[in-house]
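Data first, discussion second: the structure below is written as structure tokens.
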Amino acid sequence: MIERPISQWVKRNRKATSLTGVACRADGGWVRVHMTNLSYDGCHIITEEQFDLGEQLTLVMPRMQHLKVQVRWVKDGHAGVRFLGGNVIEDRRARIG
């Protein structure tokens, strides 16, 4: 898990959301996920599978574009993901943290 002091926490404006879809992994496999707490930066996902920190996924949700994300934290079937843009600098910044 990525550890940050509470003083570095940023309050995000989250939207109560509940969507079910799939997360496509780099190896071509997929995992059913439930997405909640949507913000401009990312969301919370619930799944029966385990993700790795830093793993990049593509979220596929009904009536939405495919969203590229990076796993930022994991714990007991829950994960926080950050949305990645098409910008190489944004992708690099997300990998560095």
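Quantities reported herein were computed from a predicted structural model and do not represent experimental measurements.
- The shortest non-hydrogen separation linking Thr47 to Arg32 is OG1-O, 3.1 Å.
- Here His34 pairs with nothing under the ring-ring contact (aromatic ring centres under 6.0 Å, His included) rule; sequence neighbours left out.
- With rounding to the nearest 0.5 angstrom, the OG atom of Ser39 is 10.0 Å from the CZ atom of Arg82.
- Between His44 and His78, some side-chain heavy-atom pair lies under the 4.5 Å cut-off.
- Taking OG of Ser18 as the reference point, atom CG of Leu38 lies at 11.5 Å (rounded to 0.5 Å).
- For Glu55, the side chain to side chain contact (heavy atoms under 4.5 Å, CB included) partners two or more places apart in sequence, or in a different chain, are Arg25, Phe51, Asp52, Leu57, Val71.
- Annotation for Trp73 and Leu53: closest pair CA-CD2, 3.6 Å, computed over non-hydrogen atoms.
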All N/O donor-acceptor pairs, side-chain side in residues 60-67, below 3.5 Å, sequence neighbours left out:
none

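- You'll find the side chain of Cys43 reaches within 4.5 Å of the side chain of Phe83, heavy atoms only.
- A distance of 10.0 Å separates CG in Leu19 from CG in Leu59, rounded to the nearest 0.5 Å.
- Side-chain heavy atoms closer than 4.5 Å link hydrophobic residues (I, L, V, M, F, W, Y) into clusters, and following such links, possibly through other members, connects Val81 to Val31.
- Note that the CD1 atom of Ile46 and the OG1 atom of Thr20 stand 9.0 Å from one another [nearest 0.5 Å].
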